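See below for the structure under consideration.
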Amino acid sequence: FGFCAHSQTQFGGIHTSIYGNNMADYTQFLADEAASLAFAQQLANMLKPSLTVYLAGDLGAGKTTLTRGLLRAWGFEGTVKSPTYTIVESYELEGFKVEHFDLYRFQSPEEWLDAGLDELFDEHTIAFIELPQMATGFVPEADLTIALSVQDAGRLCTITPHTELAQKMLAPCL
């Protein structure tokens with residue numbers, strides 16, 4: 001296991017594909033929750049404030065588990081809950097904050113503004129957004145997408161950077 005092991009075509013189980021925009025897709029199989037938490041630890045070392053991350057995956061795919069792993073890696077020791085019912089869960093960390101959104105309950109995109117969620121973003125925030133399509137036109141564009149899917153007894157995690165900011169953060173893996 002090694003998220004940042006160097007190789008031309010494969011990174012310790014992470015396969016890359018280069019698109020026309022020179023952004024690479026990173027894919028890692030996570031065999032169990034322990035592997036997901038170890039992966040989150042490695043990823044946490046790369047992610048920095050002012051980042052917007054879309055979390056994609058079906059119910060039970062592991063989005064909250066990954067978020068919990070990231071928060072633990074950043075030193076948060078409290079309870080980490082899914083924001084499905086609250087829409088957003090906020091976490092104050094040393095030097096930055098994390099906002100974890102789940103827009104499942106939105107009936108219209110305008111609810112993003114009605115709830116004042118745009119006010120939760122600044123240069124000291126890392127935002128994780130589940131179901132961003134529920135607020136199309138209002139939710140910030142993603143710097144990267146982390147997609148999780150159930151595969152066998154584990155999860156397949158694919159990270160897609162969309163901006164130069166995200167590509168630079170993931171540069172140690174190139």
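It should be emphasised that the depicted structure is a prediction, and the values quoted were computed from it without experimental measurement.
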- prompt: Residues in side chain to side chain donor-acceptor pair (under 3.5 Å) with D32, at least two apart?
  reply: none
message: Restricting to non-hydrogen atoms, name the atom on G154 and the atom on F29 that form the minimum distance, rounded to 0.1 Å.
response: CA-CZ, 3.9 Å
Joint hydrophobic cluster, L165 plus L43, side-chain heavy atoms closer than 4.5 Å: yes
task: Would you mind reporting whether V98 and T125 have side-chain heavy atoms less than 4.5 Å apart?
output: no
- prompt: Side chains of T145 and H162: closer than 4.5 Å at any heavy-atom pair?
  reply: yes
- line: Correct closest heavy-atom pair for A142 and T163 would be O-CG2, 3.9 Å
message: Please find the pair of heavy atoms, one from I126 and one from P49, that lie closest to each other, and give the distance.
response: CG1-CA, 3.6 Å
field: E111 (side chain) donor-acceptor with S108 (main chain) under 3.5 angstrom
entry: yes
Please report, to 0.1 Å, the donor-acceptor pairs under 3.5 Å made by any side chain of residues 55-71, with sequence neighbours excluded.
from : atom 1 : to  : atom 2 : distance (Å)
K63  : NZ     : G57 : O      : 2.8
K63  : NZ     : D58 : O      : 3.0
T67  : OG1    : K63 : O      : 2.9

- prompt: So which pairs with a foot in residues 59-83 pass ring-ring contact (aromatic ring centres under 6.0 Å, His included), sequence neighbours left out?
  reply: W74-F96, F76-Y91
query: How far does OG of S50 sit from CD of E123, to the nearest 0.5 angstrom?
result: 8.0 Å
field: Spatial distance of atom CZ (F39) from atom CG (L148) [nearest 0.5 Å]
entry: 8.5 Å
task: State, to 0.1 Å, how close C157 and L30 come at their nearest heavy-atom pair, and which atoms those are.
output: CB-CD1, 3.8 Å
I87 CD1 to M134 CE distance, which is reported to the nearest 0.5 Å: 10.5 Å
task: Output all residues satisfying side chain to side chain contact (heavy atoms under 4.5 Å, CB included) with K81, sequence neighbours left out; order by chain, then residue number.
output: T79, E89
message: Please list all pairs meeting ring-ring contact (aromatic ring centres under 6.0 Å, His included) that have one or both residues in residues 114-147, counting only residues at least two apart or in different chains.
response: F101-F121, W112-F121
task: Give the minimum heavy-atom separation between P161 and Q167, together with the two atoms involved.
output: CG-OE1, 3.2 Å
query: With sequence neighbours left out, what residues match E33 under side chain to side chain donor-acceptor pair (under 3.5 Å)?
result: none
- request: With sequence neighbours left out, write down each residue that passes side chain to side chain contact (heavy atoms under 4.5 Å, CB included) with L144, or none if nothing qualifies.
  value: L47, L51, V53, I146, I159, A166
- prompt: Applying side-chain hydrogen bond (donor to acceptor under 3.5 Å, both in side chains), which residue pairs with at least one partner in residues 128-137 are found, sequence neighbours left out?
  reply: H100-E130
- prompt: Do K97 and D122 come close enough that some side-chain heavy atom pair is under 4.5 Å?
  reply: yes
- request: Could you list the residues that satisfy side chain to side chain donor-acceptor pair (under 3.5 Å) with S36, not counting sequence neighbours?
  value: none
message: Tell me every residue that passes side chain to side chain contact (heavy atoms under 4.5 Å, CB included) with Y104, counting only those two or more places apart in sequence or in another chain.
response: T84, D102, L131
message: Would you compute the distance between atom OG1 of T27 and atom CD of Q151 and round it to the nearest 0.5 angstrom?
response: 10.0 Å
field: side chain to side chain contact (heavy atoms under 4.5 Å, CB included) partners for S149, two or more places apart
entry: L156
